[in-house]
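Structure first, then comments.
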Amino acid sequence: MAEILTLSETSRPRPEGQWKAKLSKAFYEKPTLVVAKELLGKYLVVRHPNRILSGKIVEVEAYVGEEDPACHAAVGLTDRNHIMYGPGGFAYIYFIYGMYHCLNFVTEQAGLPAAVLIRGLEPVEGVEEMKRRRDHRSVSGLANGPGKICQAFGIDKTFYGLELTGTRIWVEDRGEKRPAITQSARIGVAAGKDKPWRFYVPKSSGVSKDGKKR
DNA sequence: TGTTGGATCAACT
DNA sequence: GTTGATCCAACAC
């Protein structure tokens, strides 16, 4: 575990003494299903000018390769999905249904297009800021869905291709034990329903609503 | 150049 | 359970 963690300026132990380590590029270059499961219980952090927003990741989905019909790389290399063809450790953002952005982390080695979609978070730092961005909704409804996460955290296409080892957006291991994980089919996809590549922390308030029903 | 449908969400009935 | 909002990438012409 320790070898995949890299301390850097932004993940230095803080005054409170809480242990925080930014995940390194090597973390994301592993097989996508492994990365997806290991992301649960980690913390997404986004830095805006003078403001830090963070949340615990509790729901993700894996999309792996051109042979996965639900993966955006199923159509081959395009302007939209090209970042997935590079090495892991970068942000893949796409715009959907005319109004929402979705946040993904590129995984695997260069040449294998794959990513993990971040579907659900429990807000931690910057909750008031998230409420403002999300039209003052209750905490439990702030980031329990991929479109809501991007609204709450202010993530848009300007985040496309950003390094997850940089200073704008990253993931921290705060030393918590890995949570119990449930898996299921992915949500909202027409193709690839046979692959149980959605992973989530059962009973978390940050799991998307659609997901709770299944 | 035009058409179509989507890894969503909220507000309906 | 159904539908509207509303953009853009993909694909057919």
Side-chain angles (χ1 to χ4, degrees), chain A residues 28 32-33 35-37 39-40 44 55 57-86 88 90-108 112-123 130-162 164 169 171 181-201 204-214:
Chain A
Y28 301 97
T32 310
L33 297 186
V35 175
K37 285 183 262 193
L39 278 170
L40 295 176
L44 171 69
I57 300 170
V58 295
E59 181 181 3
V60 298
E61 285 177 358
Y63 292 85
V64 188
E66 295 183 344
E67 283 70 44
D68 175 1
C71 181
H72 286 173
V75 295
L77 178 64
T78 65
D79 283 346
R80 181 205 207 189
N81 66 24
H82 72 87
I83 194 72
M84 281 203 284
Y85 282 77
F90 291 85
Y92 168 46
I93 315 291
Y94 64 85
F95 191 64
I96 192 79
Y97 298 127
M99 2 179 71
Y100 298 106
H101 294 278
C102 291
L103 169 66
N104 300 251
F105 298 150
V106 176
T107 57
E108 312 265 0
L112 174 50
V116 174
L117 168 68
I118 309 304
R119 282 194 63 90
L121 294 176
E122 293 174 8
M130 294 185 208
K131 281 184 181 170
R132 272 193 294 280
R133 293 177 183 277
R134 287 271 303 137
D135 201 23
H136 298 273
R137 281 166 211 285
S138 67
V139 174
S140 62
L142 278 183
N144 59 337
K148 300 177 187 180
I149 289 170
C150 289
Q151 267 183 10
F153 280 71
I155 295 169
D156 58 24
K157 286 206 93 170
T158 64
F159 284 71
Y160 186 100
L162 289 185
L164 299 174
I169 177 169
V171 179
I181 296 174
T182 301
Q183 67 178 296
S184 76
R186 294 169 293 185
I187 308 281
V189 299
K193 288 189 174 126
D194 55 310
K195 303 186 191 313
W197 288 352
R198 167 174 173 258
F199 304 96
Y200 61 100
V201 179
S204 166
S205 62
V207 173
S208 64
K209 236 183 170 152
D210 196 19
K212 281 179 182 169
K213 283 184 275 190
R214 316 196 181 195

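Here is the naming used below: chain letters follow the sequence lines, and residue numbers restart at 1 for every chain.
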For nucleotides 8-13 of chain B, just jot down a letter per nucleotide in 5' to 3' order: B, S or -, based on protein non-hydrogen atoms under 4.0 Å. BBS---
Please, what dot-bracket string fits DNA chain B when only Watson-Crick and G-U pairs with both distances under 3.5 Å count, crossing ones use [ ] and pairs to another strand use |? ||||||.|||||.
Within residues 60-67 of chain A, residues whose heavy atoms come under 4.0 Å of DNA chain B: A/Y63
Residue pair A/E122 / A/S205, side-chain donor-acceptor N/O under 3.5 Å: no
Scan nucleotides 8-13 of chain C against the protein and return all N/O pairs shorter than 3.5 Å with their distances rounded to 0.1 Å.
{"from": "C/dA10", "atom 1": "OP1", "to": "A/T78", "atom 2": "OG1", "distance (Å)": "2.7"}

Who passes ring pair (Phe, Tyr, Trp, His ring centres under 6.0 Å) against A/F199, sequence neighbours left out? none
Go through the structure and list residues passing salt bridge (Lys or Arg N to Asp or Glu O under 4.0 Å) with A/K195, not counting sequence neighbours. none
Those residues that, when tested against A/Y63, pass ring pair (Phe, Tyr, Trp, His ring centres under 6.0 Å) (two or more places apart): none
Using the test side-chain contact (heavy atoms from CB on, under 4.5 Å), find all partners of A/S138 that sit at least two apart in sequence or belong to another chain. A/S140
With sequence neighbours excluded, give me every salt bridge (charged side-chain N to carboxylate O under 4.0 Å, His left out) pair touching residues 66-78 of chain A. A/D68-A/R186
The ring pair (Phe, Tyr, Trp, His ring centres under 6.0 Å) partners of A/Y85 (sequence neighbours excluded) come to none
Without swapping roles, check the side chain of A/R134 against the backbone of A/G141 for a donor-acceptor pair under 3.5 Å. yes
Pick from A/L121, A/N144, A/T182, A/V58: which one makes a side-chain contact (heavy atoms from CB on, under 4.5 Å) with A/V207? A/V58
Side-chain touch A/V201/A/I181, heavy atoms, less than 4.5 angstrom: no
Under 3.5 Å, side-chain donor or acceptor atoms of residues 97-107 of chain A against the rest of the protein: list the pairs with distances, not counting sequence neighbours.
{"from": "A/N104", "atom 1": "ND2", "to": "A/Y92", "atom 2": "O", "distance (Å)": "3.2"}
{"from": "A/T107", "atom 1": "OG1", "to": "A/T32", "atom 2": "OG1", "distance (Å)": "2.7"}

Determine the Euclidean distance between corresponding P atoms of B/dG2 and C/dT6; express it in Å to zero decimal places. 22 Å
The criterion is salt bridge (Lys or Arg N to Asp or Glu O under 4.0 Å); which residues satisfy it with A/R133, sequence neighbours excluded? A/E129
